[in-house]
Amino acid sequence: MNTMLTEQEAIQLQEELRPKVIRTDELPAHIKLIAGVDVEYDKESDLIAGAFVLLDFNTLEVVEVATHCMQVTFPYIPGLFSFREMPVLLEAWKKLERRPDLVICDGQGIAHPRRFGLACHMGVLLDVPALGCGKTRLFGKYEELAAERGAVSPLLAEDNGEHIGNALRTQNGISPVFVSTGHKVSLDTATAMVLKMSVTYRLPETTRKADHYGREAFIAFRENQGKELL
DNA sequence: GCGACAG
DNA sequence: ATCTTGTCGC
């Protein structure tokens, strides 16, 4: 049986893993496979579904999908979000046959109070280039940015003023997303990647596809659970 | 003590 | 995350 991690132990683990994060580009010059991840939650019951989706970087076609369902093992605590979502995503990752050149995470990377958001956690544990693309801000201040797609405004850490991420407008007149380094990807590359993957909607196609397949897997899982009870 | 707070 | 109709704006 797994003993649930305490809040203090989780923070301790973040401090231990943080030094392993690489904030510079150490990914292939020409990306072929790009991945998206997402986790779905059940409103009642503590079931969650994690999904990894691999897309062809040039055509954006789905190459592979891997999902996993299980019960949540950690509560939602701002700053410790990765401890809630990593377990399911690790299981989904094990089912993946191919390895992506870059993973786009739904959440923050370095733009985190201890500089260790979900994208860093995933990148370090799986040793894969990863970046964080959050829908809302967790940490850091930024100035308003132009209304046009492509507009960028630096996210500066409240504690030391460090440039930890970018608020990026992916569509004209739509609220920005928050991009930051996860592991083995520079902020500039991460920002360019998110903009390139956000062709029609606010969020990158990787995240949208992962959300779709995660939802689908969740429904299928619940139906099977119901049958087993008969 | 009073906000802020990824999903 | 999730519960949810109408509604404000282009």
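Proteins get letters first, then strands, A, B, ... in listed order; numbering begins at 1 in each.
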Lys/Arg N to Asp/Glu carboxylate O, A:D38 vs A:K209, below 4.0 Å: no
Atom pair distance, as rounded to whole Å: CD1 in A:I104 and P in B:dG7: 15 Å
DNA chain B contacts made by residues 110-145 of chain A, counting heavy atoms under 4.0 Å: A:H112, A:G117, A:L118, A:G134, A:K135, A:T136, A:R137, A:L138
Any side-chain heavy-atom pair of A:P129 and A:D101 under 4.5 Å: no
Length of the CG-P vector between A:D106 and B:dA6, whole Å: 12 Å
Short N-O contact, A:D159 and A:R115, less than 4.0 angstrom: yes
Geometric cation-pi criterion A:R208 and A:Y201, 6.0 Å radius, 45° cone: yes
Touch class at under 4.0 angstrom, heavy-atom based, for A:L47 against every strand present: nothing
Interatomic distance, A:N172 CG vs C:dC10 C1' [rounded to whole Å]: 13 Å
Short side-chain N/O contact from A:R215 to OP1 or OP2 of C:dA1, under 4.0 Å: no
Euclidean distance, atom CD of residue A:Q108 to atom P of C:dA1 [Å, nearest integer]: 13 Å
CG-CD1 distance between A:L131 and A:I34, expressed to the nearest 0.5 angstrom: 7.0 Å
A:E44/A:R222 ion pair, N-O < 4.0 Å: no
Spacing of A:E44 atom CD relative to C:dA1 atom C1', expressed in whole Å: 13 Å
Derivation of the side chain to side chain donor-acceptor pair (under 3.5 Å) call for A:Y213 and A:E40: CA-CA 10 Å; A:Y213 287 104; A:E40 309 297 324; over 6 Å; no
Over 12 non-hydrogen atoms of neighbours within 6.0 angstrom of NZ in A:K95: yes
Residues, nucleotides or ligands: over 12 heavy atoms within 6.0 Å of A:E16 CD: yes
Aromatic plane relationship, A:H121 with A:F116 - under 30° parallel, 30 to 60° tilted, over 60° perpendicular: tilted
Nucleotide C:dA1, atom C1' - distance to CG of A:D42 in whole Å: 11 Å
Strand DNA chain B in bracket notation, Watson-Crick/G-U under 3.5 Å with | for pairs to another chain: .......
Parallel, tilted or perpendicular: rings of A:F83 and A:F74 (30°, 60°): tilted
Base-pair map of DNA chain C as dot-bracket, where | denotes pairing with a different strand and pairs are Watson-Crick or G-U under 3.5 Å: ..........
Interatomic distance, A:E40 CD vs B:dA6 C1' [rounded to whole Å]: 15 Å
Gap between atoms OH and P, on A:Y76 and B:dC5 respectively (whole Å): 10 Å
